[in-house]
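Just so it is clear, the structure is predicted and the values come from calculations on it, not from any experiment.
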Amino acid sequence: SPAGNGRGHRQRRSPTASPGRPPMARKLPPTWAKRVRRWREAALLNAYRGLCLILIGASPVIVKVLLGQPMRAAVVLGGVIALLYSRAKLGAIWESMPIPETVRDKLEEDWAWFSSLTARGPFWRAGVSLIKKCVDCQRMPVAVNALKVTNTKSTSAKLCWEPTVVSYLSDEAYRVELARCVPTGDLGKGTPCNETEWHQLDTVSNDMSAEVTTLEPGTVYACRVTAHNNKGESAPRTLKFVTPQPPSEGKGGRAPAYTWTQDVKEVAMRVLVPAGCKSADLSIAATATSLRMALKRKGEGGADLVICEGTLFKPIDPEEFAWQFVEPVAHDPREINGRVVELTLPKVDATLGAPHWPAVISALPGEDNGHKAVVALLREHPRIDTSLIKTEVPELGDSHLRELHDMMRGMPLGEDRGDSD
């Protein structure tokens with residue numbers, strides 16, 4: 001062994017120094033043309049295998065689409081039979097495709113491997129179970145989401161909801177039921193409404209909406225939507241809503257504590273107070289966006305008894321706000337045994353947008369804006385159906401018609417033309 005390491009080792013000999021053996025040829029790196037050819041073959045092979053994986057992953061959707069209708073299934077069956085009868089032509093097409101030999105050999109090896117596994121059984125059984133799942137792809141439905149009522153009229157309403165997706169291959173139908181709610185006590189914020197008998201609508205829709213007609217004005221209703229298919233049905237989703245009242249002769253409505261009328265300039269409220277009530281017994285405050293009216297020291301523990309309180313539907317002019325005691329109306333039985341306070345709410349933006357209010361109070365005081373609070377609001381301060389109010393067009397006098405005529409003819413306005421036309 002050489003000195004210094006104490007270990008024996010074999011000295012490396014050069015190829016030219018080996019007696020009786022020809023020198024080893026040095027391996028040259030592949031050229032760029034060979035590298036590009038290998039990269040191209042690998043890209044084609046990986047693209048084919050990736051396409052196969054995508055088809056296998058999307059096979060439930062493909063089978064669902066192809067076998068979803070009898071006509072599609074018949075067309076697919078005819079195509080399969082035609083392919084089986086034209087195997088020789090397909091083989092010729094396969095041979096004529098510009099695919100490198102190495103890639104072709106790899107693909108044939110993959111097909112042979114898949115065929116051998118299919119012949120043994122596992123892939124065949126997996127394919128059969130996959131087809132069964134795709135043909136019977138229903139899943140147990142789940143309760144719908146975001147049930148809401150839109151476009152509410154005095155005699156009709158539209159229900160909308162969003163489905164809870166369990167499987168995109170599962171189809172559900174929706175059963176819509178309706179019931180009228182009856183209050184269990186006096187009208188108030190905490191008074192519950194119990195449903196009476198549920199009635200199923202005539203149409204069971206596959207859409208995400210349903211139109212409800214033949215409703216009664218100013219009534220509390222409960223609706224519930226249930227998703228169902230051949231696997232069963234989901235838990236029902238229930239929602240309560242209140243239909244608006246038809247407008248009165250004064251284009252207003254009737255609430256449990258007051259009646260109101262309106263025109264394009266102001267809103268007039270008639271509030272019933274106990275007999276013998278005086279101005280000193282009332283606490284009335286109005287701002288640009290809110291209104292509060294209460295009886296002093298008539299509530300529990302000596303607190304004020306609130307008659308009406310909440311956010312106004314639209315802003316008013318608080319400086320022009322006024323109230324006074326008025327004589328009761330003979331045809332209203334509620335005003336016979338008490339006194340009536342009339343509140344005048346001048347509108348600020350009477351000429352902008354819709355001039356008529358659907359309700360005086362649009363929100364109750366507090367931060368609770370849930371569904372129960374909305375139902376309580378609509379019961380204490382019912383809305384009216386403003387679509388039933390006929391817009392009055394003011395009649396034009398002779399001077400207005402003459403100015404309009406001059407403006408259409410392009411003549412200057414305000415000139416005295418005498419009697420000549």
Side-chain angles (χ1 to χ4, degrees), residues 137-185 187-246 310-311 313 358-359 361-364 366-387:
C137 57
Q138 302 293 337
R139 298 293 183 268
M140 190 69 180
V142 183
V144 299
N145 289 324
L147 178 61
K148 60 182 179 180
V149 181
T150 60
N151 196 20
T152 307
K153 303 291 185 180
S154 58
T155 58
S156 63
K158 185 177 182 181
L159 306 178
C160 301
W161 61 88
E162 296 179 1
T164 302
V165 179
V166 179
S167 173
Y168 288 99
L169 304 180
S170 181
D171 296 328
E172 290 85 18
Y174 300 95
R175 182 173 63 251
V176 182
E177 297 173 293
L178 192 70
R180 183 176 178 178
C181 297
V182 179
T184 58
L187 288 176
K189 185 175 181 180
T191 305
C193 283
N194 294 334
E195 299 86 359
T196 55
E197 185 179 358
W198 289 97
H199 299 280
Q200 181 176 345
L201 299 182
D202 296 336
T203 58
V204 179
S205 176
N206 291 326
D207 299 330
M208 302 302 130
S209 62
E211 195 77 24
V212 185
T213 57
T214 65
L215 301 178
E216 296 183 6
T219 308
V220 183
Y221 286 95
C223 62
R224 63 183 183 187
V225 179
T226 307
H228 64 90
N229 54 21
N230 57 3
K231 295 294 183 179
E233 62 180 27
S234 66
R237 184 75 69 182
T238 308
L239 179 68
K240 294 182 180 179
F241 65 95
V242 184
T243 54
Q245 301 174 354
T311 303
F313 181 76
I361 302 297
S362 62
L364 295 176
E367 298 180 355
D368 185 11
N369 295 323
H371 175 65
K372 294 183 179 180
V374 173
V375 174
L377 166 68
L378 296 179
R379 290 174 59 195
E380 293 185 25
H381 307 280
R383 294 197 170 195
I384 63 171
D385 190 357
T386 54
S387 62

Undergrad: State whether the side chain of S154 and the backbone N or O of P217 hold a donor-acceptor pair below 3.5 Å, judged by distance alone.
TA: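 No, S154 side chain to P217 backbone: no donor-acceptor pair under 3.5 Å.
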Undergrad: What is the distance from atom OG1 of T386 to atom NZ of K153, rounded to the nearest 0.5 Å?
TA: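 Reported to 0.5 Å precision, the distance equals 6.5 Å.
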Undergrad: Taking side chain to side chain donor-acceptor pair (under 3.5 Å) as the test, write out the residues that go with E177, two or more places apart.
TA: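 E177: side chain to side chain donor-acceptor pair (under 3.5 Å) contacts with R224.
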Undergrad: Please tell me if the side chains of M208 and V144 come closer than 4.5 Å, counting only heavy atoms from C-beta onward.
TA: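 Not touching, per the 4.5 Å side-chain cut-off.
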Undergrad: By salt bridge (charged side-chain N to carboxylate O under 4.0 Å, His left out), which residues pair with E233, not counting sequence neighbours?
TA: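 By the salt bridge (charged side-chain N to carboxylate O under 4.0 Å, His left out) rule, E233 matches R175.
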Undergrad: Looking at every heavy atom in both N229 and P141, which two are closest together, and how far apart are they?
TA: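 It is OD1-CD, 3.4 Å.
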Undergrad: What's the shortest heavy-atom distance between R383 and A359, and which atoms?
TA: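 Looks like CG-CB, 3.7 Å.
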Undergrad: Just jot down the side-chain contact (heavy atoms from CB on, under 4.5 Å) partners of T214, sequence neighbours excluded, or say none.
TA: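 Listed in chain order: nothing, the list is empty.
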Undergrad: Please round to the nearest 0.5 Å and tell me the distance separating atom CG of L178 and atom CZ of F241.
TA: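 The distance works out to 5.5 Å.
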Undergrad: Measure across C160 and T150 and return the closest heavy-atom pair with its distance rounded to 0.1 Å.
TA: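 So the minimum-distance heavy-atom pair works out to SG-OG1, 3.8 Å.
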Undergrad: Can any side-chain N or O of T243 pair as donor or acceptor with the backbone N or O of E216 at less than 3.5 Å?
TA: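 Pair found, side chain donor or acceptor close to backbone of E216.
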Undergrad: Please name all residues satisfying side chain to side chain donor-acceptor pair (under 3.5 Å) with S387, sequence neighbours left out, ordered by chain then number.
TA: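 Counting only residues at least two positions away or on another chain, S387 forms a side chain to side chain donor-acceptor pair (under 3.5 Å) with D385.
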Undergrad: Please report the closest heavy-atom contact between C181 and A222, naming both atoms and the distance.
TA: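 Shortest heavy-atom contact: SG-CB, 3.6 Å.
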Undergrad: Where do Y221 and R180 come nearest, in terms of heavy atoms and distance?
TA: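 Closest pair (atom of Y221, atom of R180, distance): CD2-CA, 3.9 Å.
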Undergrad: Check T238 against L147 and note the closest heavy-atom contact, atom names and distance.
TA: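 Here T238 and L147 meet closest at C-CD2, 4.2 Å.
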Undergrad: Give, for atom CD of E162 and atom NZ of K148, the distance between the pair rounded to the nearest 0.5 Å.
TA: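 If I round to the nearest 0.5 Å, the distance is 7.0 Å.
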Undergrad: Any sub-3.5 Å donor-acceptor pair from T311's side-chain atoms to S362's backbone N or O?
TA: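 Checking the backbone N and O of S362 against the side chain of T311, no donor-acceptor pair under 3.5 Å is found.
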Undergrad: Name all residues meeting the side chain to side chain donor-acceptor pair (under 3.5 Å) criterion together with N151; count only those two or more places apart in sequence or in a different chain, and write none if there are none.
TA: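 Partners of N151 under the side chain to side chain donor-acceptor pair (under 3.5 Å) test: none.
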Undergrad: Taking only residues two or more places apart in sequence, or in another chain, which ones meet R237 in a salt bridge (charged side-chain N to carboxylate O under 4.0 Å, His left out)?
TA: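 For R237 there are no salt bridge (charged side-chain N to carboxylate O under 4.0 Å, His left out) partners, ignoring immediate neighbours.
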